[in-house]
Amino acid sequence: MHSEDIRKSFLNYFKSKEHKVCKSDYLVPPSDPTLLFTTAGMVQFKPLWAGAKLDFARATSVQKCLRAGGKGSDLENVGKTLRHHTFFEMLGNFSFGDYFKKEAITWGWEFVSDVIKMDTSKIYVTVYKDDDEAASIWNKEIGIPEKRISRLGDKDNFWGPAGDEGACGPCSELLYDLGEEYSCGRADCKPGCDCERYLEFWNLVFPQYYQKKDGTRDPLQRRGIDTGLGLERLTFLLQNDAENNYETDLFKPIIEELENICETKRSDEKRHYYHIIADHMRALTFTISENILPSNEGRGYVLRRILRRAFRAGRKLDLNKPFLYKLVPIVGEIMKSRYPEIVGSREFVSKVILGEEERFEITLNNGYNMLLEDIENTSGNVFSGETIFKLYDTYGMPVDIIKDEVDEKGLVFDEKGFNLYMEQQKEKGKKSWKGADIKTSNIFSEISAKSGSTIFSGYDKNSVDSKIIALVKNSSLTNEVKEGVDAEIILNETCFYAESGGQSGDTGVIKTSTGEAKILDTVKDVNGIVIHHTKILQGKILIDQDAKIVLDIKRRKEIAKHHTATHLLQAGLRDVLGGHVKQSGSYVGSDRLRFDFSHFKALTKNEIEDVEKLVNDMINDAMEVNKYNTTYDKAVEDGVTAIFGEKYGDNVKVVDAGGKSRELCGGAHVENTSFIGGFKIMSESSVSSGIRRIEAVCGRSLYDNYSKTNNVLREILVLLKTSENEVIERVEKLLGKVKSLEKQIEKGTNLNDTLKEFEEKKDNIDDINILIRKYQSIPGNSLRAISDELKSGTKNGIFCLISTESDNKASIVLSCTKNVSSTRFHCGKLLSGLAKEYGGGGGGRPDMAQAGASKKIDLDNVMMKIKVRLAQK
RNA sequence: GGGGGAUUAGCUCAGUUGGGAGAGCGUUUGGCUGGCAGCCAAAAGGUCACCGGUUCGAACCCGGUAUCCUCCA
């Protein structure tokens, strides 16, 4: 059975049981910051068990998942076992407060035995240790013999939550006995054993608790069902000629392509390197095509580690140059029927991977050179743990490479010391992890569980009459808040837009019969409740009160202008740069906008001007901006730009500006592009490799900016007595003039005069000439240059050069020829004392010293001090 | 989220009690030259990442920010 047929038959089966077929969510869950990646099919449904608004009570999906980095990472297992993957697909069926254990088990069994016709005699099941109900359904109703039902503990049969909080509960798993030859051979090998023999392929979870961040559990508002059937494992079980997951149609072509590249067939002792590379390539292709890029932090860093692991596996296959990028097309071939989007981004993905491979080569080389140097500098015969740790921790040098090199040079590798440093590092990491705002998050989860998500009516209203359903002060619930305090207010309905998709939260005021508060910001909780951050201005505000809230409409209008402009900007960028431009983050405020997008080079001046012109044309064309609802599939079919996943297929909002820009977007927009008023790019810069950032302004902010810079320009024109057309030329000329004057001073154009004067004065003691000279406002550099020139023009002399400013501040350079400084004179010592006298300080070497002063300097006094010092010797 | 490291000329990097911003490569110009990275000479090129502090004086010391590298979670 082909893997795609397996996906289809699963979805069709549960569709026939009245499940809604849902699209796979993104690998980065759009609205769940507690999760690094989507790790299971249930992730996109988490709020539905907790009580969010329900459009359907049964769902089924094929979900792309990534388990690497953070909690529940399988990164290290890939290559070691045949069943773990970083990237994989999960088939699932879900119930939200609808059916429960009985139907889940019955349908699960019907699917494996009747639909895909597995050999049921090899199937074992496990249940949670005290879950008699599940055990009895398996035994009595399905007819699985007691001896093939195992009861296991928390580790195996209690699942969840995904992330820091969410639904969880006991579970029941289906296992397939692969037979003796897959066994670890231990006498006690049985279902639940870590080895490969009893392969878990389907986990039926019975969520009935809500686990909070602090680890405590409440009963779930809607208990239900959450199952996960691993596509890779099932495909292996159904493809008879496959010995393991990697020999199925999902992986085999990648491995064969890899064999072509390294020109070596997979062999038993090196097979796991092929597995690592094939697995990681799928993960990389999918994540990067979702615009997650390798970087030095967060999700991006997980990607970087995956890539490096694959790259190093390549070295074991004698692939020492970048090669991973060559595997992108084959992954696309295998997956394109279900995920057509990855074909479109193929070139971008290859480019990113190649760039990252090249960078890793540099890191390895640098580390290697440092390693050789450290080995060189080792005095004893032990290569210390501290040094190993430094190379690994700071410079990313893989430990096994260090060990190989150290062994080869005949030194002792201090593993114990290294481990000690590692322990400390881990300890530090653990300590710092605590202190997240656990309490607050819990409160909002509780509120949302009780009252569901907030009704939003801000698309057509600027004010609403609503009711206060919760008040939070200092992270705890309260019934009343008084004048002067900060509080979070939750209403049953709001017209305030909560910060989302880059758009800033709204501000405004809230009034009740007893008081008034200012709404400073509006944000949304994971579970869909809208939180108004407020400061109470007057009186008091009570729970359950009726309240009227009014938007700061002026501000909102400016936000809408910047938001629509952001869409036009994206359209313009695609036009000028090409279709590879994809949004990878944005900020929309009332005074500016910021737009990050994928593109490889800096934009040229021309490109920026072209984009600007296109956007302004769209504004000047006064295009209608239409907003309408449609289904996700219809929107995609129509070619609408989709960036952040609308969660459930139906009912997405499209914003269409005159047909030139069409995007899925739930934010605030103007009715006509002409309202934007105008658009100006203020800066273009790089955020990370492959991502550029544009900052721009429009509306009132554009005028403010224009007015400010124009005023500055006018002042400059007046100062330089020139016109707008000539100002640049004039400034260039001035700069040139300044430069040549500075040079003249440095070279000491007046040197000859000075020297002459110096000779004439002959103010000397023991044939040592002394010169003191005062200048007006010349830089310290020039003083030094002049003194150098003077020194080279004589054999026996002391020079004191002073430059004064109008406010009596002065800088002083005192220098003397070598023969003087080496026998009887120390410029530094003399000058530091002298400078103190004039309200400054200073010092320097015997032959040259510098100082500053803040009082008027008496030149005769200076001369006397120098002479006194000379006379002392 | 926490640690370690980095940021100096177009590129690769030196630069210690805090007191004259450097080298190599590259670029331009002139001269020499029958080659392999030709040779010689000269010149141009710097916000020492940014902001603040200490100091008479900061590339250097202190604090903060940004970006990059790297490890831990």
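Proteins come first, then strands; the chains are lettered A, B, ... in the order of their sequence lines, and each starts at number 1.
B:C72 atom P lies 9 Å from atom CD of A:Glu76, rounded to whole Å. In this structure, CG of A:Asp374 is placed 15 Å from P of B:G5, rounded to the nearest angstrom. Atoms CE (A:Met848) and P (B:C56) sit 18 Å apart, rounded to a whole Å. The interatomic distance linking A:Met397 (CE) with B:G5 (C1') rounds to 16 Å, in whole Å. Regarding A:Leu371, its CG atom lies at a distance of 17 Å from the P atom of B:U70, rounded to whole Å. Separating the CG atom of A:Asn366 from the C1' atom of B:U70 is a distance of 12 Å, rounded to the nearest angstrom. Protein atom NZ of A:Lys829 is 17 Å distant from nucleotide atom P of B:G19, rounded to whole Å. Distance CD (A:Gln425) to C1' (B:G5): 13 Å, rounded to an integer number of Å.
In this structure, B:U16 makes no Watson-Crick or G-U wobble pair, since no nucleotide meets both defining distances under 3.5 angstrom. In this structure, B:C68 and B:G5 make a Watson-Crick or G-U wobble pair, each of the two defining distances being under 3.5 angstrom. Across all strands shown, B:A58 has no partner, as no Watson-Crick or G-U wobble contact with both distances under 3.5 Å is found. When both pairing distances are held under 3.5 Å, B:G34 makes no Watson-Crick or G-U pair with any nucleotide shown. The partner of B:A42 is B:U28, by the rule that a Watson-Crick or G-U pair needs both atom distances under 3.5 Å. Taking a pair to require two hydrogen-bonding distances under 3.5 Å in either a Watson-Crick or a G-U wobble arrangement, B:C48 remains unpaired.
Between B:U16 and B:C51, the two C1' atoms lie 26 Å apart (nearest whole Å). With C1' as the reference atom, B:A49 and B:G30 are 38 Å apart, rounded to whole Å. Between B:U17 and B:C13, the two C1' atoms lie 25 Å apart (nearest whole Å). Going from the C1' atom of B:G19 to that of B:U12 covers 29 Å, rounded to whole Å. Atom name C1', nucleotides B:A42 and B:G34: the rounded distance is 26 Å, in whole Å. Separating the P atom of B:A14 from that of B:U8 is a span of 10 Å, rounded to the nearest Å. Between B:G46 and B:A59, the distance separating the two C1' atoms is 11 Å to the nearest Å. The C1' atoms of B:A9 and B:G24 are separated by 12 Å, rounded to the nearest whole Å.
Counting non-hydrogen atoms under 4.0 angstrom, A:Ala853 reaches nothing in the nucleic acid. As judged by a 4.0 angstrom heavy-atom cut-off over every strand, A:Thr363 is placed among residues touching the sugar-phosphate backbone only. At the heavy-atom level, A:Met422 lies under 4.0 Å from the strands shown only through sugar-phosphate atoms. Among the protein residues, A:Gly396 comes within range of the sugar-phosphate backbone only, with heavy atoms under 4.0 Å from sugar or phosphate atoms but none that close to a base.
For B:U70, neither phosphate oxygen OP1 nor OP2 lies less than 4.0 angstrom from any side-chain nitrogen or oxygen of A:Arg305. A:Tyr392 has a side-chain polar atom (N or O) that falls below the 4.0 Å cut-off from OP1 or OP2 of B:C72. Within the 4.0 Å cut-off from OP1 or OP2 of B:U70, not a single side-chain nitrogen or oxygen of A:Asn296 is found. Contact between the side-chain N/O atoms of A:Ser295 and the OP1/OP2 oxygens of B:C68 is not found at any separation under 4.0 Å. Within the structure, every side-chain polar atom (N or O) of A:Arg359 is placed at least 4.0 Å from both OP1 and OP2 of B:C68.
Residues A:Glu405 and A:Tyr368 have side chains that bring a donor and an acceptor to within less than 3.5 angstrom of each other. In the model, A:Tyr26 has no side-chain atom that pairs as donor or acceptor with a side-chain atom of A:Asn291 under 3.5 Å.
Residues A:Glu695 and A:Arg592 are paired through a salt bridge, judged by an N-O separation under 4.0 Å between the basic side chain and the carboxylate. A:Glu837 has a carboxylate O that lies under 4.0 Å from a charged side-chain N of A:Lys865, or vice versa, which qualifies the two as a salt bridge.
In the set B:G3, B:U70, B:A73, B:U70 carries the atom at the smallest distance from any side-chain atom of A:Arg308. The A:Arg304 side chain lies nearest to B:U70 when the options are B:G19, B:U70, B:G3. Minimum atom distance to the side chain of A:Thr394 is reached by B:G4, of the listed B:U70, B:C72, B:G4. Across B:C69, B:C72, B:G5, the shortest atom-to-atom separation from the side chain of A:Tyr395 is found for B:G5.
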How far apart are the C-alpha atoms of A:Arg304 and A:Glu356, what are their side-chain angles, what is the distance that settles it, and do they pass the salt bridge (Lys or Arg N to Asp or Glu O under 4.0 Å) test?
CA-CA 8 Å; A:Arg304 177 164 279 174; A:Glu356 189 62 21; 2.6 Å; yes
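Geometric assessment of A:Lys403 against the ring of A:Phe413 yields a positive cation-pi assignment under the 6.0 Å and 45° thresholds.
Closest-nucleotide positions on RNA chain B for A:Ala849 and A:Gly840 were compared, and the one nearer the 5' end corresponds to A:Ala849.
Each of A:Leu859, A:Ile770, A:Ile772 was evaluated against A:Cys800; a single residue qualifies, A:Ile772, per the side chain to side chain contact (heavy atoms under 4.5 Å, CB included) test.
Aromatic rings of A:Phe311 and A:Phe360 (six-membered ring for Trp) have centroids within the 6.0 Å cut-off, being under it.
Side-chain N/O atoms of A:Asp393 and base N/O atoms of B:G3 include a donor-acceptor pair closer than 3.5 Å.
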